[in-house]
Protein chains: 2
Amino acid sequence: MTNTDQPTDQAGLRPTKQRLAVASALAETEGFQSAQEIHDLLGRRGDSVGLATVYRTLQRLAEAGDVDMMRTEDGEAIYRRCSDSHHHHLVCRTCGRTVEVEGPAVERWTSAMAAEHGYADVSHTLEIFGTCRDCQ
Amino acid sequence: MTNTDQPTDQAGLRPTKQRLAVASALAETEGFQSAQEIHDLLGRRGDSVGLATVYRTLQRLAEAGDVDMMRTEDGEAIYRRCSDSHHHHLVCRTCGRTVEVEGPAVERWTSAMAAEHGYADVSHTLEIFGTCRDCQ
DNA sequence: CCATGTTTGACAACGATTCTCATTGCGAGT
DNA sequence: ACTCGCAATGAGAATCGTTGTCAAACATGG
(Lines give C-alpha, C1' and ligand atoms only; values in the text may rest on other atoms or scores of the structure.)
Protein backbone atom coordinates (compact mmCIF):
# COMPACT_ATOMS: atom_id res chain seq x y z
CA MET A 1 0.00 0.00 0.00
CA THR A 2 2.61 2.48 -1.09
CA ASN A 3 1.70 4.77 -3.86
CA THR A 4 -0.49 7.63 -5.08
CA ASP A 5 2.74 8.75 -6.62
CA GLN A 6 1.51 8.26 -10.16
CA PRO A 7 -0.83 11.17 -10.55
CA THR A 8 -2.85 11.78 -13.67
CA ASP A 9 -3.60 9.65 -16.66
CA GLN A 10 -2.75 6.17 -15.57
CA ALA A 11 -3.75 5.95 -11.96
CA GLY A 12 -0.54 4.18 -11.03
CA LEU A 13 -1.17 1.27 -13.34
CA ARG A 14 1.21 -0.23 -15.80
CA PRO A 15 0.93 1.53 -19.12
CA THR A 16 0.23 -1.55 -21.14
CA LYS A 17 -0.81 -1.51 -24.75
CA GLN A 18 -4.36 -2.46 -23.80
CA ARG A 19 -4.77 0.21 -21.19
CA LEU A 20 -3.43 2.82 -23.53
CA ALA A 21 -5.88 1.65 -26.16
CA VAL A 22 -8.81 2.01 -23.81
CA ALA A 23 -7.58 5.40 -22.69
CA SER A 24 -7.29 6.58 -26.25
CA ALA A 25 -10.76 5.33 -27.10
CA LEU A 26 -12.05 7.42 -24.22
CA ALA A 27 -9.90 10.35 -25.21
CA GLU A 28 -11.16 10.59 -28.72
CA THR A 29 -14.82 10.42 -27.86
CA GLU A 30 -16.92 13.19 -26.41
CA GLY A 31 -19.81 11.55 -24.70
CA PHE A 32 -20.54 8.45 -22.71
CA GLN A 33 -19.80 5.00 -24.08
CA SER A 34 -20.50 1.55 -22.73
CA ALA A 35 -17.73 -0.93 -22.12
CA GLN A 36 -18.95 -2.98 -25.02
CA GLU A 37 -18.95 -0.04 -27.37
CA ILE A 38 -15.37 0.67 -26.45
CA HIS A 39 -14.51 -2.96 -26.95
CA ASP A 40 -16.11 -2.92 -30.39
CA LEU A 41 -14.44 0.32 -31.33
CA LEU A 42 -11.02 -1.04 -30.46
CA GLY A 43 -11.70 -4.25 -32.31
CA ARG A 44 -12.81 -2.42 -35.43
CA ARG A 45 -9.78 -0.22 -35.22
CA GLY A 46 -7.39 -3.15 -34.97
CA ASP A 47 -6.26 -2.75 -31.37
CA SER A 48 -8.17 -5.79 -30.27
CA VAL A 49 -8.46 -5.95 -26.49
CA GLY A 50 -10.22 -8.62 -24.46
CA LEU A 51 -13.64 -7.66 -23.23
CA ALA A 52 -12.76 -8.52 -19.66
CA THR A 53 -9.75 -6.27 -19.88
CA VAL A 54 -11.86 -3.40 -21.09
CA TYR A 55 -14.18 -3.86 -18.12
CA ARG A 56 -11.28 -4.12 -15.70
CA THR A 57 -9.55 -1.08 -17.09
CA LEU A 58 -12.67 1.02 -16.99
CA GLN A 59 -13.27 0.01 -13.42
CA ARG A 60 -9.78 0.97 -12.41
CA LEU A 61 -10.03 4.29 -14.16
CA ALA A 62 -13.38 4.97 -12.55
CA GLU A 63 -12.08 4.11 -9.09
CA ALA A 64 -9.13 6.36 -9.68
CA GLY A 65 -11.47 9.13 -10.68
CA ASP A 66 -10.06 9.38 -14.16
CA VAL A 67 -13.39 8.66 -15.78
CA ASP A 68 -16.99 9.25 -14.84
CA MET A 69 -19.31 6.32 -14.77
CA MET A 70 -23.06 6.53 -14.86
CA ARG A 71 -25.94 4.26 -15.76
CA THR A 72 -28.29 4.38 -18.69
CA GLU A 73 -31.96 4.08 -18.00
CA ASP A 74 -31.77 0.36 -18.52
CA GLY A 75 -28.92 -0.19 -16.14
CA GLU A 76 -25.97 -0.35 -18.48
CA ALA A 77 -22.79 1.27 -17.25
CA ILE A 78 -21.43 4.02 -19.45
CA TYR A 79 -18.16 5.90 -19.15
CA ARG A 80 -16.57 9.07 -20.38
CA ARG A 81 -13.31 10.77 -19.72
CA CYS A 82 -13.52 12.82 -16.59
CA SER A 83 -12.20 16.18 -15.59
CA ASP A 84 -15.72 17.34 -15.91
CA SER A 85 -17.29 18.86 -12.87
CA HIS A 86 -19.56 16.90 -10.64
CA HIS A 87 -23.17 17.47 -11.58
CA HIS A 88 -26.63 16.02 -11.27
CA HIS A 89 -29.44 15.22 -13.64
CA LEU A 90 -32.84 16.75 -14.03
CA VAL A 91 -34.82 14.19 -15.95
CA CYS A 92 -38.20 14.45 -17.63
CA ARG A 93 -40.40 11.58 -16.55
CA THR A 94 -42.24 11.58 -19.83
CA CYS A 95 -39.77 12.15 -22.63
CA GLY A 96 -36.53 11.52 -20.80
CA ARG A 97 -35.01 14.85 -21.68
CA THR A 98 -32.12 15.50 -19.33
CA VAL A 99 -30.53 18.67 -18.12
CA GLU A 100 -27.31 18.65 -16.16
CA VAL A 101 -27.33 20.86 -13.12
CA GLU A 102 -24.75 21.77 -10.53
CA GLY A 103 -25.15 22.93 -7.00
CA PRO A 104 -22.38 23.81 -4.63
CA ALA A 105 -25.03 24.16 -1.97
CA VAL A 106 -25.93 20.51 -2.28
CA GLU A 107 -22.33 19.41 -2.27
CA ARG A 108 -21.77 21.35 0.91
CA TRP A 109 -24.92 20.12 2.51
CA THR A 110 -24.17 16.45 1.88
CA SER A 111 -20.65 16.81 3.24
CA ALA A 112 -21.89 18.59 6.31
CA MET A 113 -24.59 16.01 6.90
CA ALA A 114 -22.14 13.16 6.53
CA ALA A 115 -19.61 14.80 8.83
CA GLU A 116 -22.28 15.39 11.43
CA HIS A 117 -22.94 11.67 11.57
CA GLY A 118 -19.30 10.69 11.49
CA TYR A 119 -19.22 9.44 7.91
CA ALA A 120 -16.02 9.98 5.97
CA ASP A 121 -15.03 9.69 2.36
CA VAL A 122 -18.37 10.90 1.14
CA SER A 123 -19.98 10.72 -2.25
CA HIS A 124 -23.57 11.05 -3.31
CA THR A 125 -26.06 10.70 -6.08
CA LEU A 126 -28.92 13.06 -6.75
CA GLU A 127 -31.50 12.74 -9.47
CA ILE A 128 -34.35 15.13 -9.98
CA PHE A 129 -37.46 13.97 -11.80
CA GLY A 130 -40.10 16.20 -13.26
CA THR A 131 -42.18 16.91 -16.32
CA CYS A 132 -40.49 19.19 -18.78
CA ARG A 133 -42.13 22.15 -20.43
CA ASP A 134 -42.96 20.31 -23.63
CA CYS A 135 -44.59 17.38 -21.87
CA GLN A 136 -46.85 19.28 -19.53
CA MET B 1 -59.38 8.42 -22.13
CA THR B 2 -62.17 7.91 -19.69
CA ASN B 3 -60.96 7.06 -16.32
CA THR B 4 -59.68 8.38 -13.07
CA ASP B 5 -62.51 6.20 -11.86
CA GLN B 6 -59.95 3.82 -10.55
CA PRO B 7 -58.18 6.44 -8.57
CA THR B 8 -54.86 6.12 -6.97
CA ASP B 9 -53.40 2.74 -6.34
CA GLN B 10 -54.05 0.85 -9.54
CA ALA B 11 -53.17 2.97 -12.57
CA GLY B 12 -56.16 1.69 -14.50
CA LEU B 13 -55.05 -1.91 -14.36
CA ARG B 14 -57.08 -4.83 -13.26
CA PRO B 15 -56.97 -5.06 -9.51
CA THR B 16 -55.78 -8.61 -9.36
CA LYS B 17 -54.65 -10.29 -6.20
CA GLN B 18 -51.04 -10.10 -7.34
CA ARG B 19 -51.08 -6.45 -8.19
CA LEU B 20 -52.68 -5.60 -4.91
CA ALA B 21 -50.02 -7.60 -3.14
CA VAL B 22 -47.23 -5.71 -4.86
CA ALA B 23 -48.94 -2.42 -4.16
CA SER B 24 -49.25 -3.28 -0.50
CA ALA B 25 -45.62 -4.31 -0.28
CA LEU B 26 -44.71 -0.92 -1.63
CA ALA B 27 -47.17 0.82 0.62
CA GLU B 28 -45.83 -0.62 3.81
CA THR B 29 -42.21 0.10 3.12
CA GLU B 30 -40.48 3.42 3.40
CA GLY B 31 -37.50 3.25 1.15
CA PHE B 32 -36.46 1.74 -2.11
CA GLN B 33 -36.69 -1.98 -2.71
CA SER B 34 -35.61 -4.14 -5.60
CA ALA B 35 -38.09 -6.28 -7.48
CA GLN B 36 -36.51 -9.35 -5.97
CA GLU B 37 -36.81 -8.02 -2.46
CA ILE B 38 -40.48 -7.39 -3.03
CA HIS B 39 -40.86 -10.86 -4.46
CA ASP B 40 -39.15 -12.35 -1.42
CA LEU B 41 -41.20 -10.28 0.97
CA LEU B 42 -44.43 -11.41 -0.61
CA GLY B 43 -43.27 -15.00 -0.62
CA ARG B 44 -42.35 -14.89 3.03
CA ARG B 45 -45.63 -13.31 3.86
CA GLY B 46 -47.62 -15.99 2.06
CA ASP B 47 -48.90 -13.94 -0.88
CA SER B 48 -46.65 -15.74 -3.29
CA VAL B 49 -46.43 -13.90 -6.61
CA GLY B 50 -44.41 -14.92 -9.64
CA LEU B 51 -41.17 -13.04 -10.09
CA ALA B 52 -42.04 -12.08 -13.65
CA THR B 53 -45.32 -10.66 -12.44
CA VAL B 54 -43.56 -8.56 -9.85
CA TYR B 55 -41.31 -7.15 -12.55
CA ARG B 56 -44.22 -6.51 -14.87
CA THR B 57 -46.28 -4.85 -12.20
CA LEU B 58 -43.48 -2.61 -11.08
CA GLN B 59 -42.86 -1.57 -14.65
CA ARG B 60 -46.47 -0.69 -15.17
CA LEU B 61 -46.63 1.26 -11.96
CA ALA B 62 -43.45 3.09 -12.84
CA GLU B 63 -44.77 3.97 -16.29
CA ALA B 64 -47.98 5.18 -14.74
CA GLY B 65 -46.00 7.33 -12.36
CA ASP B 66 -47.28 5.59 -9.28
CA VAL B 67 -43.83 4.57 -8.19
CA ASP B 68 -40.38 6.02 -8.62
CA MET B 69 -37.66 3.84 -10.03
CA MET B 70 -33.97 4.42 -9.69
CA ARG B 71 -30.80 2.38 -9.97
CA THR B 72 -28.39 1.27 -7.29
CA GLU B 73 -24.72 1.79 -7.80
CA ASP B 74 -24.40 -1.64 -9.32
CA GLY B 75 -27.23 -1.23 -11.75
CA GLU B 76 -30.08 -2.93 -9.96
CA ALA B 77 -33.48 -1.30 -10.34
CA ILE B 78 -35.14 -0.24 -7.11
CA TYR B 79 -38.62 1.12 -6.55
CA ARG B 80 -40.56 3.03 -3.95
CA ARG B 81 -44.04 4.38 -3.80
CA CYS B 82 -44.23 7.87 -5.12
CA SER B 83 -44.45 11.03 -3.09
CA ASP B 84 -42.71 9.43 -0.18
CA SER B 85 -41.77 11.33 2.91
CA HIS B 86 -38.95 13.70 2.32
CA HIS B 87 -35.91 12.11 3.77
CA HIS B 88 -32.75 10.73 2.36
CA HIS B 89 -30.30 8.03 3.25
CA LEU B 90 -26.75 8.24 4.41
CA VAL B 91 -25.37 4.79 3.80
CA CYS B 92 -22.13 3.24 4.98
CA ARG B 93 -20.33 1.69 2.04
CA THR B 94 -18.75 -0.93 4.23
CA CYS B 95 -21.31 -2.12 6.74
CA GLY B 96 -24.45 -0.75 5.20
CA ARG B 97 -25.52 1.17 8.28
CA THR B 98 -28.06 3.76 7.27
CA VAL B 99 -29.03 7.06 8.79
CA GLU B 100 -32.04 8.99 7.56
CA VAL B 101 -31.45 12.65 7.05
CA GLU B 102 -33.67 15.54 6.04
CA GLY B 103 -32.81 18.79 4.38
CA PRO B 104 -35.23 21.53 3.60
CA ALA B 105 -32.38 23.28 1.84
CA VAL B 106 -32.06 20.45 -0.63
CA GLU B 107 -35.80 20.28 -1.18
CA ARG B 108 -35.82 23.95 -1.95
CA TRP B 109 -32.80 23.74 -4.15
CA THR B 110 -34.18 20.93 -6.29
CA SER B 111 -37.50 22.72 -6.74
CA ALA B 112 -35.78 25.91 -7.70
CA MET B 113 -33.53 24.13 -10.12
CA ALA B 114 -36.44 22.32 -11.72
CA ALA B 115 -38.50 25.48 -11.98
CA GLU B 116 -35.62 27.30 -13.57
CA HIS B 117 -35.57 24.75 -16.36
CA GLY B 118 -39.32 24.62 -16.74
CA TYR B 119 -39.84 21.24 -15.12
CA ALA B 120 -43.04 20.72 -13.15
CA ASP B 121 -44.30 18.09 -10.77
CA VAL B 122 -40.91 17.53 -9.27
CA SER B 123 -39.55 14.77 -7.13
CA HIS B 124 -36.03 13.71 -6.46
CA THR B 125 -33.83 11.08 -4.96
CA LEU B 126 -30.66 11.66 -3.04
CA GLU B 127 -28.39 9.07 -1.56
CA ILE B 128 -25.22 9.81 0.32
CA PHE B 129 -22.50 7.21 0.59
CA GLY B 130 -19.65 7.27 3.02
CA THR B 131 -17.70 5.25 5.54
CA CYS B 132 -19.18 5.34 8.99
CA ARG B 133 -17.22 5.94 12.14
CA ASP B 134 -16.92 2.26 13.03
CA CYS B 135 -15.66 1.24 9.63
CA GLN B 136 -12.98 3.82 9.17
C1' DC C 1 19.18 -12.23 -18.70
C1' DC C 2 16.24 -13.91 -14.71
C1' DA C 3 12.86 -13.89 -11.12
C1' DT C 4 8.53 -12.22 -9.73
C1' DG C 5 4.46 -10.12 -9.41
C1' DT C 6 1.00 -8.05 -13.13
C1' DT C 7 -1.92 -8.21 -16.71
C1' DT C 8 -4.25 -10.48 -20.25
C1' DG C 9 -7.72 -13.20 -22.77
C1' DA C 10 -10.93 -16.96 -23.66
C1' DC C 11 -14.60 -18.73 -21.60
C1' DA C 12 -17.44 -20.14 -17.81
C1' DA C 13 -20.35 -18.43 -14.27
C1' DC C 14 -23.64 -15.08 -12.52
C1' DG C 15 -27.44 -12.26 -11.56
C1' DA C 16 -30.94 -9.22 -13.00
C1' DT C 17 -34.42 -8.75 -16.26
C1' DT C 18 -37.24 -10.15 -20.16
C1' DC C 19 -39.52 -13.44 -23.09
C1' DT C 20 -42.48 -17.47 -24.12
C1' DC C 21 -46.48 -19.75 -23.91
C1' DA C 22 -49.78 -22.66 -21.91
C1' DT C 23 -53.07 -21.93 -18.22
C1' DT C 24 -56.08 -19.07 -15.23
C1' DG C 25 -59.51 -15.87 -13.91
C1' DC C 26 -61.79 -11.21 -14.27
C1' DG C 27 -65.79 -9.07 -15.93
C1' DA C 28 -68.80 -7.65 -19.71
C1' DG C 29 -72.66 -9.23 -22.20
C1' DT C 30 -76.74 -12.33 -22.40
C1' DA D 1 -75.85 -17.11 -13.08
C1' DC D 2 -73.17 -18.80 -17.43
C1' DT D 3 -70.10 -18.08 -21.06
C1' DC D 4 -66.55 -16.04 -23.81
C1' DG D 5 -62.61 -13.21 -24.79
C1' DC D 6 -58.80 -11.18 -23.50
C1' DA D 7 -55.73 -9.51 -20.05
C1' DA D 8 -52.87 -11.50 -16.45
C1' DT D 9 -50.11 -15.06 -14.43
C1' DG D 10 -46.27 -18.26 -13.50
C1' DA D 11 -42.49 -21.43 -14.43
C1' DG D 12 -38.72 -21.80 -16.75
C1' DA D 13 -35.85 -20.70 -20.66
C1' DA D 14 -33.39 -17.10 -22.88
C1' DT D 15 -30.81 -12.57 -22.84
C1' DC D 16 -27.43 -9.55 -21.73
C1' DG D 17 -24.20 -6.99 -19.16
C1' DT D 18 -20.72 -7.93 -16.04
C1' DT D 19 -17.50 -10.54 -13.13
C1' DG D 20 -14.69 -14.63 -11.94
C1' DT D 21 -11.14 -18.20 -13.21
C1' DC D 22 -6.73 -19.55 -14.42
C1' DA D 23 -2.99 -20.58 -17.31
C1' DA D 24 -0.04 -18.09 -20.44
C1' DA D 25 2.32 -13.68 -21.88
C1' DC D 26 4.59 -9.58 -19.98
C1' DA D 27 6.89 -5.67 -17.84
C1' DT D 28 10.16 -4.25 -14.64
C1' DG D 29 13.76 -4.26 -11.01
C1' DG D 30 17.91 -6.58 -9.85
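Values in this document were obtained by computation on a predicted structure and should not be read as measured data. We name chains A, B, ... by the order of the sequence lines, and we start the count at 1 in each one.
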When the distance from [atom1] of [X] to [atom2] of [N] is rounded to whole Å, what number comes out?
| X | N | atom1 | atom2 | value |
| --- | --- | --- | --- | --- |
| A:Leu42 | C:dG9 | CG | C1' | 14 Å |
| B:Leu51 | C:dG15 | CG | P | 14 Å |
| B:Asp74 | D:dT18 | CG | P | 11 Å |
| B:Leu61 | D:dA8 | CG | P | 12 Å |
| B:Leu20 | C:dG25 | CG | C1' | 14 Å |
| B:His39 | C:dG15 | NE2 | P | 16 Å |
| A:Arg60 | C:dT6 | CZ | P | 10 Å |
| A:Glu76 | C:dA16 | CD | P | 17 Å |

For [N] and [X] - does any side-chain N or O of the residue sit under 4.0 Å from the phosphate oxygens OP1/OP2?
| X | N | result |
| --- | --- | --- |
| B:Arg19 | D:dT9 | yes |
| A:Tyr55 | D:dT18 | yes |
| B:Gln36 | C:dG15 | no |

Fill in: Base C:dG9 paired with A:Arg56 side chain (donor-acceptor, <3.5 Å)
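Under the 3.5 Å cut-off, the side chain and the base do form a donor-acceptor pair.
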
Discussion item. Around atom CD of B:Glu102, are there more than 12 heavy atoms from other residues, nucleotides or ligands closer than 6.0 Å?
Written reply: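 No, not enclosed.
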
Worksheet item: Just wondering, more than 12 heavy atoms not from A:Arg133 lying within 6.0 Å of its CZ?
Response: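 Count not over threshold, so no.
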
Worksheet item: Just checking, any donor-acceptor pair under 3.5 angstrom between side chains of A:Tyr55 and A:Gln36?
Response: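 The criterion, which ignores hydrogens and geometry beyond distance, is satisfied for A:Gln36 and A:Tyr55.
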
Practice prompt. Run through the side-chain heavy atoms of Ile, Leu, Val, Met, Phe, Trp and Tyr, join any pair under 4.5 Å, and report what else lands in B:Leu41's cluster.
Written response: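 Once heavy-atom contacts under 4.5 Å are chained together, B:Leu41 still belongs with nothing else.
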
Discussion item. A:His89: which residues meet the ring pair (Phe, Tyr, Trp, His ring centres under 6.0 Å) condition with it, sequence neighbours left out?
Written reply: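 For A:His89, the residues satisfying ring pair (Phe, Tyr, Trp, His ring centres under 6.0 Å) (neighbours in sequence not counted) are A:His87.
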
Practice prompt. Summarise protein proximity over nucleotides 24-30 of chain D in one line of letters, 5' to 3': B for base, S for sugar-phosphate only, - for none, counting protein heavy atoms closer than 4.0 Å.
Written response: ---S---

Discussion item. I need the B:Arg56 CZ to B:Arg19 CZ distance, nearest 0.5 Å.
Written reply: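 Taking CZ in B:Arg56 and CZ in B:Arg19, the distance rounds to 9.0 Å.
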
Worksheet item: Which value, rounded to the nearest 0.5 Å, describes the distance between A:Met69 atom CE and A:Ile78 atom CD1?
Response: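 Going from the CE atom of A:Met69 to the CD1 atom of A:Ile78 covers 10.0 Å.
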
Item to complete: Would you mind classifying the nucleic acid contact of B:Gln59 as base, sugar-phosphate or nothing, using non-hydrogen atoms under 4.0 angstrom?
Response: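 Sugar-phosphate contact only.
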
Discussion item. At 10 degrees resolution, what angle do the end axes of the helix from C:dC1-D:dG30 to C:dT30-D:dA1 form when each is taken over five base pairs?
Written reply: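 Roughly 30° between the end axes, to the nearest 10°.
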
Fill in: Contacts of type side-chain contact (heavy atoms from CB on, under 4.5 Å), residue B:Phe129, not counting sequence neighbours
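Applying side-chain contact (heavy atoms from CB on, under 4.5 Å) to B:Phe129 gives A:Ser123, A:Thr125, B:Glu73, B:Val91, B:Arg93, B:Glu127.
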
Discussion item. Under the rule for side-chain contact (heavy atoms from CB on, under 4.5 Å), what residues qualify as partners of A:Ala21, not counting sequence neighbours?
Written reply: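 If we apply the side-chain contact (heavy atoms from CB on, under 4.5 Å) test to A:Ala21, skipping adjacent residues, the hits are A:Leu42, A:Asp47, A:Val49.
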
Worksheet item: Any idea which of D:dT18, C:dT17, D:dG20 is nearest the A:Ala52 side chain?
Response: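 Nearest nucleotide to the side chain: D:dG20.
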
